[in-house]
Structures are given as structure tokens and as C-alpha cells.
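Report on the following structure.
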Amino acid sequence: MGNRNNVTVFILLGLSQNKNVEILCFILFSFCYVAIWMGNLLIMISITCSPLINQPMYFFLNCLSLSDLSYTSTVTPKLLIDLLAERKTISYSNCMTQLFILHFLGGIEIFILTGMAYDRYVAICRPLHYTVIMSRQRCNTIITACCTGAFLHSASQFLLTIFLPFCGPNEIDHYFCDVYPLLKLACTDTYRIGVLVIVNSGLIALLAFVILMASYFLILYTIRACPAESRAKALSTCSSHVTVVILFFAPVLFIYIRPAVTLPEDKVFALFYTIIAPMFNPLIYTLRNMEMKDAMKKIWFRHLFLEGKLTFIIRLLKRNGL
């Protein structure tokens, strides 16, 4: 425990050492972060303020948007600040906190995507029992299970890292605190811990990915005999979900399913699940979903436009003394 206290601050090397590249990244990721907030808030408000909240698929989508916002906010604000800073540092306690929260919210996202796949499987493969199986109580139980599983995953990652002794270099070759870069800095043999990290992160992600893809293959197998209109609707919904799954899981598996080594490409792949996926999720789920489009039109165009028009008329009448 004494050796660990030798390092109280970590230096983050960030995405690049080139100042011009950092400024370009700052502009790009600032736009991405604003888009993430706007897109996910749009989905959350559109679902919460419409009857869609009573449908399990949109209930899970609402939770996924909240998870996306929280997840990317754990990393992106710090990244943007560091892109303009001369010296990028993070304290030991903040590093461990970021590690815990990042894996907790990432775990929630993985499990929610699995829950959404289960919802689509029941809706398409067992439509007559759908309302009974996917009751609101069942949906709440699934979300509770997602949070519990994510907490256990994150707590184990945290415990594997918190007791590591750091007594040498303190430069993390990344733009946030993660397990593998920290294992590289630890002044002890980390082979066994690396194996446990693979089991805890890599295999969990791989298992969830296999379950997700298997459920969608079962759905495709089931709808082959359905009418063309029903088949097209199911394919549209499932293709959106599969796109999100691949966009999130491919980089996660690349980083966590291999032995505990760090590669220069890790930072680029990490951008996909910390920034790119949360930014594209709203687009993927709304552009090909007529129910979401209709809900947004009713809330953001009809209600807001009518309320704005009514307010304008009232002000005009008051101005004219009527």
C-alpha cells in the first residue's frame, strides 16, 4: 500500500502530441458532444412525453439514451479540456473513480442492448404472449438486473486495479483511465490480473455479443414466412439494432478479448464506444423508425409550434389592448 502512494497523479498522453491535431480534434469532438446531447435528449423527451414510453422497446431505448449521455460524459468533457491543456493530468482518486463509473455505465449499456434484443425476440417470435411476457414489471426487473450486473462487473474491475502498486512511471498512453494502461504502469506481475480482466470484460462482452447475434438470427429465421409488410418492418427494426450492436461491440471486443497489452490503435477504437456510438445511436434509431418520427413531429413541431403561435397571438392581443 505504501508503494502505491508514490504515484498520486497520472499524466495522460492523450490522442496526439501534435498541437494542430489536438485543436482539430477539439473542434470535431466538441461538435460530437453537442450532437450526443441534442440527439439523446431529443429521444428521451420524445419518448417520455408520448405514449411510446408504455411500449417496452421505447422504454429500453429511453434507458439506453440516458446511459449513452452518462457514459460519454464520463470521458468526453475531460478529453476536451485536455486537448487544449499543455499538461494533461488526472489525480489517482479521480482516475479510479473514472475507471469505476466508465465500466459501470458501459456494463449497463451492454446489458440494455441485450434486453432490447430479448424484447425484439419476444415481440416477433412470440407475438401472442408479448404483452404478458414484457409487462412493465418485467421491464423494470430487466433494468434492475442490468444495473446490478454492471455494478458487479465494475466493482470487480475496480478491486482488481485499486490495490495495484504504482511506484514507477506515471504516464498513461490513453485519453482516459482504463484497466490495461494501468496494468502496464503497475510495478508488479500483472499476468493473473490480466487474465481476470479478460474474463470479467472480454468474455462478458463476447457472451453478450453472441447472445445478441443469435437472437437476431432467430428473428430472421422466424420472419421468413411472414407477409412482406411485416417482414420489412421487422427487418428495419432489427437492422437498426444490429448496427448499434456492431458499432459498440466490435471495438470493445478488439480491446478486451485479447491479452493484457496496450496498442496504439486502442485509443482510436475507444473513440467508437465512448463518442461515435453514443452520437450515432439517436440517428440509427430515429431515421428508420416511423413511430419515433411521428412522436417527434407531434411533440417538437405540432405542440411547440402551436404553443409558440398561441403565445404570439396572446402577446399581440395584449399589445393592442384587447
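These numbers were taken from a predicted model, which means no experiment stands behind them.
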Would you call the rings of Phe151 and Phe100 parallel, tilted or perpendicular, where under 30° means parallel and over 60° means perpendicular? perpendicular
Gap separating the OH atom of Tyr180 from the OG1 atom of Thr161, nearest 0.5 angstrom: 11.0 Å
Arg120 to Tyr216 six-membered ring, cation-pi geometry met (6.0 Å, 45°): no
Taking atom CG of Leu83 and atom NZ of Lys78, what is their separation to the nearest 0.5 Å? 10.5 Å
Could you check whether the SG atoms of Cys95 and Cys177 sit less than 2.5 Å apart, since that is the cutoff I want to apply? yes
Between CD1 on residue Ile142 and SG on residue Cys63, distance to nearest 0.5 Å: 10.5 Å
Geometric class of the Tyr273/Tyr256 ring pair [parallel <30°, tilted 30-60°, perpendicular >60°]: tilted
Cys187 and Cys167: CA distance, side-chain angles, deciding distance, disulfide (SG to SG under 2.5 Å) verdict: CA-CA 6 Å; Cys187 50; Cys167 49; 2.0 Å; yes
Euclidean distance, Ile45 CD1 relative to Asn40 CG, rounded to 0.5 Å: 11.0 Å
I'd like to check Glu109 versus Asn281 (side-chain heavy atoms, cut-off strictly below 4.5 Å). Are they in contact? yes
Both conditions, 6.0 Å and 45 degrees, for the charged tip of Arg126 above the ring of Tyr130: are they met here? no
Name of the residue among Ile36, Leu64, Thr274 meeting side chain to side chain contact (heavy atoms under 4.5 Å, CB included) with Tyr71: Thr274
Among Ile81, Asp82, Leu13, Leu79, find the one that has a side chain to side chain contact (heavy atoms under 4.5 Å, CB included) with Lys88. Asp82
Any sub-3.5 Å donor-acceptor pair from His153's side-chain atoms to Ser201's backbone N or O? no
